[in-house]
Amino acid sequence: MSDPITLTEVPIAAAWNVQGNASRADFTDQVSLQFATSLPTAPNTTVRSDALTAFWLGPRSWLLVAHRPESPLADFTHKRDALNRAGGALFDLSASRVAYQIAGEHAASVLADGCPLDLHQRTFRAGDCAQSLFGRVNALLYKPDDTPTFIIMVARSFARDVWQALRQTAAQYGYRAQ
Amino acid sequence: MTEPFRLQAGGIVDRSRPLSFEYDGVAYQGYAGDTLASALLANGVHLVARSFKYHRPRGIFSAGAEEPNAMVQLARGARTEPNVRATTQELYDGLIASSQNCWPSVRFDIGAINNAVSRLIPAGFYYKTFMWPPTPKWWLRYEHAIRRAAGMGRSASEPDPDQYEHRYAHCDVLVIGGGATGLASARAAAHARARVIVCNENHWWGGGSFDAEIDNRPESEWIAEKTVRELRDRFDVTLLPRTTAFGYYDGNLVGAVERVTDHFTTAPAHLPRQRVWKIRAKAVVLASGAIERPIAYANNDLPGTMLAGAARTYVKRYGVRPGSRAVIFANNDGALADALALQAAGVQVRAIVDARPSSPLSRLIANRIPVFNDAEILAAAGKQHVESIDVAPLAGGPAQTIECDLVAVSGGWSPAVHLFSQARGKLRYDDAIAAFVPEASSQPIFPAGAANGCFDLAAALIEAHNAGVAASTRAGLSAPVLEPPHAKRHARSPLRPTWSVRARSKSDKCFVDLQNDVTVNDIALAARENYQSIEHLKRYTTLGMGTDQGKTSNIVGLAVMAQLLDVPIPRVGTTTFRPPYTPVTLGAIPGHEVGAHVEPTRYSSIHDWHATRGARFVNAGLWKRPHSYPRSGESEDDAANREARNVRNHVGVVDVSTLGKIELQGRDVAELLNRVYINKWDTLAVGRCRYGVMLREDGIVMDDGTTSRLSDTHYLMTTTTVNAVKVMQQLEYLLQAEWPELDVFATSVTEQWTAAALSGPNSRKVLAKLVDIDVSNEAFPFLAVGTCNVRSVGEPIPARLFRMSYSGEMAYEIHVPADRGRAMWEAVIEAGEEFGLMPYGTEAMSTLRIEKGHVVIGAEGDGRTTADDLGMGKLVNAKKWCIGKPLLNRSALTAPDRWQLVGLTALDGAPMPRAAKLVADPDHAAPNPMLGHVTSWCFSPNLDAWIALALLADGRARHGETVWAVSPLVNARVRVEVGSPVFIDPEGERLRV
Amino acid sequence: MLLIPCPYCGPRNQIEFTYGGDATLKRPAIDAPEAAWFEYVYLRDNPCGPHAELWLHSAGCRTWFKVRRDTRKHDILASARIDEELGS
């Protein structure tokens with residue numbers, strides 16, 4: 001088993017849900033003012049800035065995930081009020097998801113045991129994200145780069161089950177858990 | 001251990017890897033690459049089964065998935081499996097198999113008495129005979145005996161020890177079939193840069209032909225050394241041997257099952273036994289080949305009778321002689337070539353009986369093998385093996401007996417159109433090959449080669465190549481110019497449709513369906529009794545209803561019926577093919593969703609704390625929640641009572657993280673709440689919360705919960721645990737589809753917050769120690785909402801604080817981000833110690849809310865109750881519209897005898913029966929008129945009585961009356977007094993102190 | 001298993017979706033008579049052939065959208081955003 005799978009829990013420092021109408025300038029201006037990022041408008045794509053990654057969740061909804069504890073995802077009340085004034089919304093979901101990274105040659109096969117998405121490199125490229133299922137659990141999948149590496153985010157209460165399922169499938173290829 | 005029928009050389013078996021196996025207690029040897037069937041034949045074992053109905057001796061009839069006879073019981077103990085086709089089971093070292101459907105042994109089977117009395121048990125016998133006497137009980141008695149005598153194998157009685165998994169896969173082109181045609185299609189698609197998956201049901205690559213040359217190489221070399229290797233190494237092709245495509249579903253989804261470890265003596269623990277692939281293909285090439293069919297003559301089921309192509313397969317693929325002296329009975333050129341292959345392997349071919357007139361090929365052969373043209377086999381004879389056959393001219397005349405131990409039969413070939421038909425493809429009857437062939441499908445499925453009725457290898461390769469190109473084009477790819485593989489064309493003489501031979505005597509058994517023992521006579525009986533359409537025929541005679549689904553028999557049965565009725569075959573119809581193509585092990589169907597993994601489990605962030613404190617858990621939706629925390633020597637009930645008493649007397653804390661939580665933001669949240677709740681919301685101030693009830697569109701209560709106003713534009717709604725998903729979906733629907741003009745954004749935050757409810761007269765004292773805000777009654781009154789920090793080990797935890805009560809006591813809810821949930825909980829436990837704090841579970845929580853008369857959606861709110869039924873009619877705001885209100889005034893919902901919420905107290909010291917119904921007279925004859933029913937019940941440790949909430953007809957007017965709660969199932973009855981549902985603190989004073 | 005074209009995410013497996021019923025229903029005005037509400041809540045056509053339906057991409061982008069599905073053949077004929085006209 002040459003290329004074992006590596007399973008890693010990726011800590012999420014902060015994750016906020018921004019909602020609003022991306023065709024309205026007052027909303028997008030406020031987002032870039034507060035978070036120094038633009039929002040991806042193409043479905044299932046991300047915009048990555050130095051401090052955070054913005055995930056497309058829906059036509060009016062995005063997830064901002066901070067790359068480190070010090071980030072623009074601070075002073076929630078103030079930013080919520082600012083976005084509410086601009087016709088948008090801001091929700092703190094920092095603790096609601098757990099993220100796992102699956103890396104290695106067979107990473108896509110491990111995920112294919114529960115996820116109906118086509119994760120082939122031709123169709124799911126670096127920077128793409130998608131919400132789908134892993135088993136019966138809603139999951140947000142993300143491909144950070146060109147290597148066979150995926151990040152799966154699931155709701156905290158399901159994380160224990162998902163971690164166990166990932167390990168069971170990864171065992172076919174040999175894996176290290178970190 | 002010798003294998004007397006193994007050839008010196010030839011075949012794909014690996015002679016350097018001998019394998020030992022055991023069949024019916026006898027040890028044998030085979031080679032790696034063998035199937036159980038080929039290994040048995042190599043050892044001269046032909047008699048392997050007894051037939052289903054007549055218990056006649058049966059042998060190995062085919063060399064593939066179509067096998068109707070050779071089904072065995074594989075392995076022992078928990079891994080034993082019945083009805084395993086010996087023709088597809090790969091041999092492994094230590095394999096153990098036994099014959100089934102026979103007793104005491106396959107050689108001497110008591111059940112064979114059925115054969116002697118077979119005239120007494122014709123088709124439909126069971127249906128006709130056991131209808132009397134016409135009461136169902138009798139049938140049940142008969143059925144028991146019949147089922148025991150009927151057969152097939154035995155399933156394991158222990159739990160399945162193996163793991164199974166499911167895997168999604170996606171491709172541009174899925175090729176079903178691993179023969180030369182399938183590989184030619186895969187090659188064409190791969191060169192078009194398509195992502196390709198090839199499903200091959202066999203453990204070897206290659207199909208039904210053996211001796212051809214492709215692109216000037218021997219066929220086997222073109223397949224294995226060139227094409228398979230090239231596809232695997234140079235292209236984006238996934239090759240799946242041992243994988244049967246069993247079903248074709250909507251949207252070009254193909255289900256396939258891969259036998260991952262079924263060929264291992266000991267399977268590695270980390271591998272699943274089988275894997276179900278759910279393959280979503282942009283286009284499918286069906287190169288599933290064709291299935292040879294038998295000809296019905298008397299005793300055509302004797303061991304030693306075999307399809308001609310199968311006989312050749314055993315010789316060429318496995319290096320096994322299936323007999324020593326053979327007779328071929330055929331109606332097509334292919335079988336004549338099979339005869340030559342048998343002869344070349346040292347089988348003495350004693351005659352070819354060809355139903356056709358003399359042809360170029362038969363003339364060519366005639367100088368080496370005696371050929372009977374325009375002839376048929378009338379009957380075979382032998383005890384447990386064929387010993388001779390009688391051949392006679394078609395035109396009639398005396399029969400000639402020829403001794404032999406192998407009859408190789410070919411009535412022609414039927415394309416394996418099963419998956420094409422499942423894809424809603426239409427079939428057409430092709431007279432030239434006397435078979436149904438694919439015509440048209442609205443799905444992108446491209447049949448090629450033998451599966452398409454094209455039996456010449458050279459033409460099939462071109463057709464397959466073109467199908468691969470067409471499938472790639474359909475998948476949006478452009479194929480480069482590539483020469484199709486080349487093979488030599490063979491001129492063929494036409495086949496003569498031959499289904500059954502002329503009847504010799506009435507007692508002859510000419511089998512059509514070997515697995516279900518259906519004969520030509522049975523079909524004739526069905527025709528006489530007017531069961532003439534194929535759908536009636538199969539149900540009446542059980543034709544094609546065995547585990548082989550009539551792969552070799554359906555077309556023969558159709559043709560025999562058509563002959564009897566003197567109509568063309570298509571007029572009789574063709575059966576509908578449904579998944580699965582071959583049987584799929586039950587374990588593979590759920591995959592790993594078995595046992596504890598049928599559904600995912602949700603855990604609160606405090607779960608491990610609960611577990612270490614000895615909590616007993618209950619399921620609440622997908623969640624695990626603590627039921628109670630029994631101390632050593634304490635029962636769960638006693639623990640719950642102690643916990644409930646402690647809340648009323650001191651203070652308790654319960655994990656309420658599972659409640660659904662939805663945050664709403666925007667200028668129009670209050671308007672939305674007005675529309676979805678029965679009560680009014682525009683008056684809710686920032687920093688306050690309120691209870692609300694939601695209705696369905698039809699006016700029935702859907703859910704309840706509280707909503708808090710966190711800022712001018714930010715609200716938090718809670719839902720019940722079980723309805724969290726439903727309420728969120730409903731809000732999204734309303735905001736997106738019905739009222740897009742409302743400026744409201746919603747998101748579920750259930751997972752963000754861990755929530756603890758602190759309840760009891762000492763709750764404020766605990767809280768004052770714990771948080772950094774003033775929690776006096778003046779500063780933080782009932783229904784107040786605020787934010788604070790919880791002192792804990794490490795950083796203070798930012799929290800939301802709510803003063804609301806489910807227990808009826810002074811109570812608070814503390815919400816903190818879930819990653820700090822456990823730290824908050826432990827801080828609460830520590831702060832509460834000096835005030836007598838105990839954690840409590842759902843059981844005590846339920847007791848407390850029953851004492852307080854709080855309803856639960858799912859118990860009192862049972863999908864039939866209105867707000868008024870539950871005593872909350874006054875909450876329905878008269879001045880505004882809300883969902884469900886327009887239908888609330890219908891007469892049935894306002895009738896005076898509506899079942900209304902009441903409280904019940906058991907009299908006479910008796911316990912309240914579970915789920916009791918309420919009646920006036922417990923001795924009334926059944927059916928006893930029902931006045932209502934108990935919805936929730938408990939022993940109240942605080943009242944020292946059994947109490948209940950119930951729905952009772954006109955209940956509010958009956959306070960003070962006595963009725964009976966009866967539970968006929970457990971023969972329990974108790975007198976109960978009707979009263980207010982609020983047993984404790986009806987004025988609500990404890991909440992507000 | 002259907003392949004359902006979400007107007008935002010493209011074709012996705014049926015298990016990601018939740019069925020929402022007839023898409024042609026029009027919610028009555030809030031002061032409409034009881035009979036209109038009764039019809040809206042209870043009465044449904046059961047067409048044999050093309051049927052306009054609501055689906056929620058519940059495991060995906062959480063949008064409600066319209067699908068035209070042939071109830072006889074189970075073919076998906078068209079899909080559209082909730083505020084768009086559904087093609088035939």
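First the proteins, then the strands, lettered A, B, ... as listed; each starts at 1.
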**Q** Between A/Tyr142 and A/Phe150, does the ring centre distance come in under 6.0 Å?
**A** no
**Q** I need the residue from A/Gly135, A/Gly88, A/Ala159, A/Ala165 with the largest number of non-hydrogen atom pairs under 4.5 Å to chain B.
**A** A/Gly88
**Q** Side chains of A/Val10 and A/Tyr100: does their closest heavy-atom pair fall under 4.5 Å?
**A** no
**Q** Can you tell me which portion of B/Ala746 sits under 4.5 Å from chain A's heavy atoms? Options are side chain, backbone, both or neither.
**A** backbone
**Q** Less than 4.5 Å to any heavy atom of chain A: does that hold for the side chain of B/Glu165, its backbone, both, or neither?
**A** side chain
**Q** Is the B/His607 to B/Trp623 ring centre distance short of 6.0 Å?
**A** no
**Q** Name the region of B/Thr601, side chain, backbone, both or neither, that has any atom closer than 4.5 Å to a heavy atom of chain A.
**A** both
**Q** Give, as side chain, backbone, both or neither, the part of B/Leu664 having an atom under 4.5 angstrom from any heavy atom of chain A.
**A** backbone
**Q** Using non-hydrogen atoms and a 4.5 Å limit, figure out which bit of A/Arg156 sits close to chain B: side chain, backbone, both or neither.
**A** both
**Q** Measure from the ring center of B/His270 to the ring center of A/Tyr173 and say whether it is less than 6.0 Å.
**A** no
**Q** Given that the side chain runs from C-beta out, which part of B/Arg667 has a heavy atom under 4.5 Å from chain A: side chain, backbone, both or neither?
**A** side chain
**Q** Report which part of B/Thr787 has an atom under 4.5 Å of a heavy atom belonging to chain A: side chain, backbone, both, or neither.
**A** neither
**Q** Is it the backbone or the side chain of A/Ser109 that comes under 4.5 Å from a heavy atom of chain B, or both, or neither?
**A** both
**Q** Can you tell me which of A/Val137, A/Asp92, A/Asn17, A/Asn21 forms the most heavy-atom pairs within a distance under 4.5 Å of chain B?
**A** A/Asp92
**Q** Against chain A, label B/Val260 side chain, backbone, both or neither, depending on which of its atoms sit under 4.5 Å from a heavy atom there.
**A** neither
**Q** Tell me which of these, B/Ala269, B/Ser657, B/Gly666, B/Pro272, has more heavy-atom pairs under 4.5 Å with chain A than the rest.
**A** B/Pro272
**Q** Could you look at A/Leu117 and say if it's the side chain, the backbone, both or neither that has a heavy atom under 4.5 Å from chain B?
**A** backbone
**Q** Just how far is it from atom CG of B/Leu742 to atom CD of B/Glu671, taken to the nearest 0.5 Å?
**A** 6.0 Å
**Q** As an exercise: rank B/Ser748, B/Pro600, B/Cys171 by heavy-atom pairs under 4.5 Å with chain A and give me the winner.
**A** B/Pro600
**Q** Just wondering, are more than 12 heavy atoms of other shown residues or ligands nearer than 6.0 Å to CD in A/Glu9?
**A** yes
**Q** Would you say B/Glu741 has more than 12 foreign heavy atoms packed within less than 6.0 Å of its CD?
**A** yes
**Q** Check the pair A/Arg122, B/Asp172 against salt bridge (Lys or Arg N to Asp or Glu O under 4.0 Å), reporting the backbone distance first and the verdict last.
**A** CA-CA 12 Å; A/Arg122 268 197 220 171; B/Asp172 296 312; 3.6 Å; yes
**Q** If I measure from the heavy atoms of chain A, does B/Arg820 come under 4.5 Å with its side chain, its backbone, both, or neither?
**A** neither
**Q** With chain B, which of A/Ser157, A/Gly114, A/Ser96 has the greatest number of heavy-atom pairs at distances under 4.5 Å?
**A** A/Ser157
**Q** Is it the backbone or the side chain of B/Asp712 that comes under 4.5 Å from a heavy atom of chain A, or both, or neither?
**A** neither
**Q** Excluding sequence neighbours, so at least two apart, what forms ring-ring contact (aromatic ring centres under 6.0 Å, His included) with A/Phe76?
**A** A/Trp16
**Q** Got a salt bridge between A/Arg68 and A/Asp50, using NZ or NE/NH1/NH2 to carboxylate O under 4.0 Å?
**A** yes
**Q** For the candidates B/His592, B/Arg275, B/His166, which exhibits the highest count of non-hydrogen atom pairs separated by less than 4.5 Å from chain A?
**A** B/His166
**Q** Look at A/Arg60, A/His120, A/Arg85 and state which one has the largest set of heavy-atom pairs under 4.5 Å with chain B.
**A** A/His120
**Q** Using salt bridge (Lys or Arg N to Asp or Glu O under 4.0 Å), reason through B/Asp262 and B/Arg273 one step at a time and then give a plain yes or no.
**A** CA-CA 6 Å; B/Asp262 281 358; B/Arg273 179 190 166 206; 2.7 Å; yes
**Q** Distance check, rounded to the nearest 0.5 Å: A/Gln121 atom CD versus B/Arg195 atom CZ?
**A** 9.0 Å
**Q** Heavy atoms only, distances under 4.5 angstrom: which of A/Gln164, A/Arg136, A/Gln168 has the most pairs with chain B? Name it, please.
**A** A/Arg136
